[in-house]
Engineer: 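This is the structure, below, for whatever I ask next.
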There are 4 protein chains.
Amino acid sequence: MNDLSKENRILDAATLEIAENGYANATMARIAKRANVSSGLIYFYFPKGKLQVLLSITVRFWKILNERLENQLASISDPVARITELARLAEFMLVRDNNRLYLAKVLIEELPRLFMISDDELKDTRMEITVENRKFINTIDTIIRDGQNQGVFDGSLKPSAMRQVLYGATEMLLYGLFIKASRNEDLGYGKADVKKTLDSLIRKFLCKNP
Amino acid sequence: MNDLSKENRILDAATLEIAENGYANATMARIAKRANVSSGLIYFYFPKGKLQVLLSITVRFWKILNERLENQLASISDPVARITELARLAEFMLVRDNNRLYLAKVLIEELPRLFMISDDELKDTRMEITVENRKFINTIDTIIRDGQNQGVFDGSLKPSAMRQVLYGATEMLLYGLFIKASRNEDLGYGKADVKKTLDSLIRKFLCKNP
Amino acid sequence: MNDLSKENRILDAATLEIAENGYANATMARIAKRANVSSGLIYFYFPKGKLQVLLSITVRFWKILNERLENQLASISDPVARITELARLAEFMLVRDNNRLYLAKVLIEELPRLFMISDDELKDTRMEITVENRKFINTIDTIIRDGQNQGVFDGSLKPSAMRQVLYGATEMLLYGLFIKASRNEDLGYGKADVKKTLDSLIRKFLCKNP
Amino acid sequence: MNDLSKENRILDAATLEIAENGYANATMARIAKRANVSSGLIYFYFPKGKLQVLLSITVRFWKILNERLENQLASISDPVARITELARLAEFMLVRDNNRLYLAKVLIEELPRLFMISDDELKDTRMEITVENRKFINTIDTIIRDGQNQGVFDGSLKPSAMRQVLYGATEMLLYGLFIKASRNEDLGYGKADVKKTLDSLIRKFLCKNP
DNA sequence: GATGAATGAGGTTTCATTCAT
DNA sequence: GATGAATGAAACCTCATTCAT
């Protein structure tokens, strides 16, 4: 991890720190220590402090996700295959190993904070996230709409609402995994169940059933 | 609001404060001001401070929800009707008006914090929540299991995973409404769509389709 | 000094601290220690920090000076007697003892800072000072103008420019005294010379000479 | 400004920065940026940092002033003419344009700081200033004393006190101009009034009136 | 029960200063 | 000479918490 740029090391360290202690209890000093960097340097890269660090974690994630998504989906046209690939990629980026589960937790837990930004100087960073987020949402909604038009997906519901269902279901299933990994509180299912359940959700809820 | 007990006024004020600023930035002074109460008084009712206030919001909610749930479900036996009633009640308690959406937001955002409590003196409050939470989860899981046993619900998935799907989907649909209410960022659907979408989710994802 | 209100004790302590170390090197911690007060309390009374403390020292001084001035000048009508009384009062408030010389130094040294305030939340405090300052300036200018109209004072110069001369001369004479008191650098004159010199300045520069 | 030596560019930039923000809030980074130079380079020329930069501004000013003074006064013997020439030169160096008014402001504001230097390694620079300052003061005092001895100037006051009057009056008149230039707060007089008022001060206060 | 001035631990934040390049 | 990323000491500042009233 030490061969990364200091900026990325800070983001990685912050992900861990926030995942473990929550945003409220995360401290800049500990982030710095974890990143093996002086506390002052964090302010060099993220002058607005902790919140900007948090937002930057999110920005970095979405940018990478959207980029990969674009590449992967380029060669797929079938709506079911597309939505499946999308779920697979999200899972890959968030569940593959425990470090990524940390990231998942931070993204899930801190998403609401996005809507509380009042600091004008953070508007830019927020806009970046909004843009990436919309891009992602658009990708999903477009797939759903295409599927509906082709008569493959259920046409009686709004794509936006269906997307929220997929998003929320995935999030909560992942969150259970994280709890399982970090505490030993078994929620009653494992990684395999997540995959199976999401497949079923796509097939039964999303697709049109004759 | 001023005719409530001061204790309840504090919890209401805290809900608003946390919904607006997040737990990290919520301050006791502002909660006190919103509740029209001195900051010292908060410590009379909640000696362990901010975290206890947060937990108490959650406790209050779950207790009321579970109590009503028990009453409402007592006379219903059909699994589909039971799960529908459960969704209806949750929606009633969280979506009915904007104040309740604030509550929804706090519950959603602060759920993860439950797993980070180390203060021994809060173990009791935490246990209360865990008990109420398990009661709620049990209620759902039992309904699902019963439905599976009766051959009404899809028996190929784990009840716990299915419950996460229902839970996450509901949460994210509600969250969209909150965003719409507090910011003017339209996510593309309204309250009616939430109801319709959840109904569809139950019918198609949860139920066994011939 | 301990029987004063804490707020006044803070201002007194800050006067001393700033006089000794300069505004740039004055620290909140030392001001608190000197005032025998916790550092947090300073922010309770002066939420905008060090600058607000500095401004508040100035406000307090001007308010008292203007108030006394009004009382003292009420019963005097002769321009020469009025300007002499004004000088006497200023001297009384700034030179009488070494503590007051500290105040004089702070007022003199930090006056320029007044014109650098950009913080919107300090606009109020700044306005207070401006108001008091104008009141004082008006008092002088009015005396001078009256004297000119009565043919007692030199009518060939602008009252505003003459006032700056009186103001600057007084300031610099006092400043020399402060240097003498705090360091042992003799500037070559004493308190008696200040009085004598200012009298002479009034008589010869201000008054019309036949 | 870019054709100056980097050392002089730094001093000019610092003058501007300090005039605008005050010594307390001036930062090396901003000085560097204004001088179009890296912050590290400032330490090459001024190893003792910000304070040394400040002192160097003052040194540079006094050296030039004293040098020119010596040249200009060499051929003048009449005390009134000499003191008038001195005032004219000071005015030339500080009032001629707005950039010089910045310099005036820095010199005025920062003079007191001279008496608070404790750093041993700056003793040299401080001594330089003291020497130049004394040279200047001596020049004035000598002119005054000569004038008194020749019966041209008022002999009843101490030269040192009279010098403070001249110094303070000049400073405050200039200060008013600065305020006018940087803010739009009119103090009621202009450059011409400054000249006229100082002439009058010399003629009436300094000179012996028959 | 109720208040709010007062405390001070502990976080945030700044920025003068260094040093490898 | 010149750079600017990096450091870390030392300031600022907040706010949960207490307690005399």
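Because the structure is a prediction, the values reported are computed rather than measured.
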Engineer: What is the distance from CZ of D:F44 to P of F:dG4, rounded to the nearest Å?
Structural biologist: 17 Å
Engineer: In whole angstrom, give the distance that lies between atom CD1 of D:I31 and atom P of F:dA2.
Structural biologist: 17 Å
Engineer: Which whole-number value in Å describes the distance from C:F46 CZ to F:dC12 C1'?
Structural biologist: 17 Å
Engineer: Round to a whole Å and report the spacing from CD1 of B:I10 to C1' of E:dG1.
Structural biologist: 11 Å
Engineer: To the nearest Å, give me how far apart CG (C:N36) and P (E:dA5) are.
Structural biologist: 20 Å
Engineer: Would the distance check show the side chain of D:R9 and the main-chain N or O of D:N36 forming a donor-acceptor pair, the cut-off being under 3.5 Å?
Structural biologist: yes
Engineer: Kindly indicate whether a cation-pi arrangement holds for B:K50 with B:Y23, taking the cut-offs as under 6.0 Å to the six-membered ring centre and within 45° of the axis.
Structural biologist: yes
Engineer: Could you tell me whether the side chain of A:K105 and the main chain of A:A19 form a donor-acceptor pair under 3.5 Å?
Structural biologist: yes
Engineer: Which nucleotide, F:dT7, F:dA5, E:dT7, lies nearest any side-chain atom of C:K6?
Structural biologist: E:dT7
Engineer: When the distance from NZ of A:K33 to C1' of F:dT7 is rounded to whole Å, what number comes out?
Structural biologist: 15 Å
Engineer: Please check if the number of heavy atoms outside B:K33 that lie under 6.0 Å from its NZ is greater than 12.
Structural biologist: no
Engineer: Measure from OH on B:Y23 to C1' on F:dC15 and round the result to the nearest Å.
Structural biologist: 13 Å
Engineer: Heavy atoms under 4.0 Å is the rule here; annotate nucleotides 13-21 of chain E 5' to 3' with B where the base is hit, S where only the sugar-phosphate is, and - elsewhere.
Structural biologist: BBBSBB---
Engineer: Could you spell out the base pairing of DNA chain E in dot-bracket, with Watson-Crick or G-U pairs whose two distances are under 3.5 Å, [ ] crossing and | to another strand?
Structural biologist: .||||||||||||||||||||
Engineer: Between A:Y45 (OH) and F:dT7 (P), how many Å, whole number?
Structural biologist: 9 Å
